[in-house]
Amino acid sequence: MVAQYAFGASFINTFLTSYASQSIQAQRIVVEEGQNAKVRYESILRNGRNEIVNVLAPMPFEWALIDGKTYVIEDGEMRLSPVSIVDIEQRFIELLSSATATTAIATQNVIYQGEPSIQINLITRNSTYVGILSEGSMILKFIKVQRNDGSISMIYTQIAPISVNYFNKILNSFKVYNATPDTVEMVVWQLISNLSNVNVMSMKINDVIFTVVSGMMSPQNNAVCYIFKMDSKVSPESLVNQFKAQGYNSIAVKYNNLYVVVATNGKTDELKAWISKVFTNK
């Protein structure tokens, strides 16, 4: 499949150059449709490809993408996130910037929210993106990605320009830590990213520390995950057998120096598929 540009490749380059020089403050709604439908309300500051995102609802959460690294923000501190936080807008920009022969790109004039706009359609092997930007300002106002497992839409409701100095002032107000998160934290975040209605707790039994993550694998199936170090002299097979004795399906996974024992009321093949998804997207 050959890349195609209705307005020529120069238009995409012009847009990417404009995007890299933009500094905005905005409000947006993110809608995820699929097996686990979600709606998020976000406030963002963006300077080029760097952004600070404050998720306002349903669960407050603040994170940032700075120089290609993602950070979690809490109590005035920015720490490297245990897993990469994916933003469909930045992914869309990445794909436009590195379009290959397996990427089809087309553009067309449209009217969006009453304004002359330009729609960019981008198709890869696994997904289809639709982005709409203002014809005058070249600022993105809408993005949607469609995949086999569902879709994500990002709708901007308010956008205002800001100065680069203002963005840098906000960024510099945080204490930045670049220490690599520990393995337990990385596993917990990976599990959280693939569960809904999540609870996390820590407990100590016979001097062994367990981190327990529970939530919903799907609308029908719940899951509980026990994380502990391999040198703790706890048999993962014993835990698996205990869950199976209570009527659950259970599997033990090795991750670096950790064991992760997962149990669910769902089917074994569904559990295996979910585990494969969690630990191949780390």
Side-chain angles (χ1 to χ4, degrees), residues 1 26-44 51 53-61 63 65 70 81-96 98-100 102-106 110 112-113 119-133 140-157 187-199 213-225 249 262 264-282:
M1 186 178 292
Q27 305 285 327
R28 67 191 186 192
I29 301 171
V30 181
V31 181
E32 297 186 29
E33 297 178 292
Q35 195 172 44
N36 295 309
K38 302 176 185 176
V39 178
R40 296 195 306 277
Y41 299 89
E42 301 178 342
S43 174
I44 76 156
E51 63 181 355
V53 181
N54 187 3
V55 180
L56 305 173
M59 294 292 291
F61 175 66
W63 64 279
L65 172 65
T70 53
S81 59
V83 296
S84 180
I85 301 174
V86 179
D87 183 321
I88 67 164
E89 179 171 330
Q90 295 300 332
R91 181 59 179 154
F92 179 60
I93 296 298
E94 285 178 11
L95 289 170
L96 285 177
S98 58
T100 67
T102 59
T103 306
I105 302 174
V110 295
Y112 180 73
Q113 295 180 340
Q119 178 174 312
I120 301 175
N121 299 325
L122 184 153
I123 303 173
T124 71
R125 286 193 178 95
N126 302 314
S127 56
T128 300
Y129 286 79
V130 174
I132 299 177
L133 53 133
L140 277 168
K141 293 188 172 182
F142 173 88
I143 304 173
K144 181 173 183 177
V145 56
Q146 182 73 50
R147 303 187 182 100
N148 290 335
D149 58 352
S151 67
I152 303 175
S153 298
M154 182 178 286
I155 306 107
Y156 280 87
T157 57
V187 171
V188 168
W189 271 75
Q190 195 64 29
L191 292 170
I192 288 174
S193 300
N194 289 276
L195 291 168
S196 59
N197 301 326
V198 181
N199 289 302
V213 180
S214 61
M216 300 297 295
M217 288 172 48
S218 70
Q220 295 80 30
N221 302 329
N222 57 29
V224 61
C225 312
N249 284 310
V262 186
T264 179
N265 61 335
K267 297 178 180 178
T268 301
D269 57 347
E270 293 174 344
L271 175 58
K272 289 180 178 179
W274 183 82
I275 287 175
S276 177
K277 175 185 176 183
V278 170
F279 291 100
T280 56
N281 290 340
K282 56 182 181 293

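For clarity, every value in this text was computed on a predicted model and none was experimentally measured. Just so you know, these numbers use all the heavy atoms, side chains as well, and skip hydrogens, waters and symmetry mates.
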Side chain to side chain contact (heavy atoms under 4.5 Å, CB included) between Phe92 and Leu122: does it pass, once the steps are laid out?
CA-CA 8 Å; Phe92 179 60; Leu122 184 153; 4.2 Å; yes

Go through the steps for Thr128 and Asn121 under the test side chain to side chain contact (heavy atoms under 4.5 Å, CB included), then give the verdict.
CA-CA 7 Å; Thr128 300; Asn121 299 325; 5.9 Å; no

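- For Ser276 (side chain) and Lys272 (main-chain N/O), no donor-acceptor pair under 3.5 Å exists by modelled atom type.
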Side chain to side chain contact (heavy atoms under 4.5 Å, CB included) between Ile29 and Val39, worked out
CA-CA 7 Å; Ile29 301 171; Val39 178; 3.9 Å; yes

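- In this structure, a donor-acceptor pair under 3.5 Å is absent between the side chains of Thr264 and Asn221.
- Under the side-chain contact (heavy atoms from CB on, under 4.5 Å) test applied with Arg28, the options Val53, Thr157, Leu140 reduce to a single match, Val53.
- In plain terms, the two heavy atoms of Gln146 and Ser151 that are nearest each other are OE1-CB, 3.3 Å.
- Summarising the geometry, atom CZ belonging to Arg91 is positioned 7.5 Å from atom OG1 belonging to Thr124; distances are rounded to the nearest 0.5 Å.
- Atom-to-atom distance recorded for Glu42:CD and Asn54:CG is 9.0 Å, nearest 0.5 angstrom.
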Tell me, with the steps shown, if Asn249 and Glu270 meet side chain to side chain contact (heavy atoms under 4.5 Å, CB included).
CA-CA 10 Å; Asn249 284 310; Glu270 293 174 344; over 6 Å; no

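- Using modelled atom types, no side-chain atom of Thr70 and backbone atom of Ser81 make a donor-acceptor pair closer than 3.5 Å.
- Closest heavy-atom contact between Gly215 and Leu195: C-CD2, 4.1 Å.
- Taking CD1 of Ile93 as the start and OH of Tyr129 as the end, the distance is 11.0 Å to the nearest 0.5 Å.
- A search for side chain to side chain donor-acceptor pair (under 3.5 Å) contacts involving Ser43 returns Gln27, not counting sequence neighbours.
- The side chain to side chain contact (heavy atoms under 4.5 Å, CB included) check on Ile155 picks up Val31, Tyr112, Phe142, Ser153, with sequence neighbours excluded.
- With rounding to the nearest 0.5 angstrom, the CG atom of Leu65 is 8.0 Å from the OG atom of Ser84.
- For the atom pair Glu89 CD and Glu51 CD, the distance stands at 6.0 Å (nearest 0.5 Å).
- With a 6.0 Å radius and a threshold of 12 heavy atoms from other residues, nucleotides or ligands, Asp269 has its CG atom above the threshold.
- Residues forming a side chain to side chain contact (heavy atoms under 4.5 Å, CB included) with Ser214 (at least two apart in sequence, or on another chain): Asn199, Val224.
- Among the candidates Ile132, Leu96, Val130, Ile143, the single residue satisfying the side-chain contact (heavy atoms from CB on, under 4.5 Å) test with Ile120 is Leu96.
- Atom CG of Asp87 is separated from atom CD1 of Ile152 by 9.5 Å, given to the nearest 0.5 angstrom.
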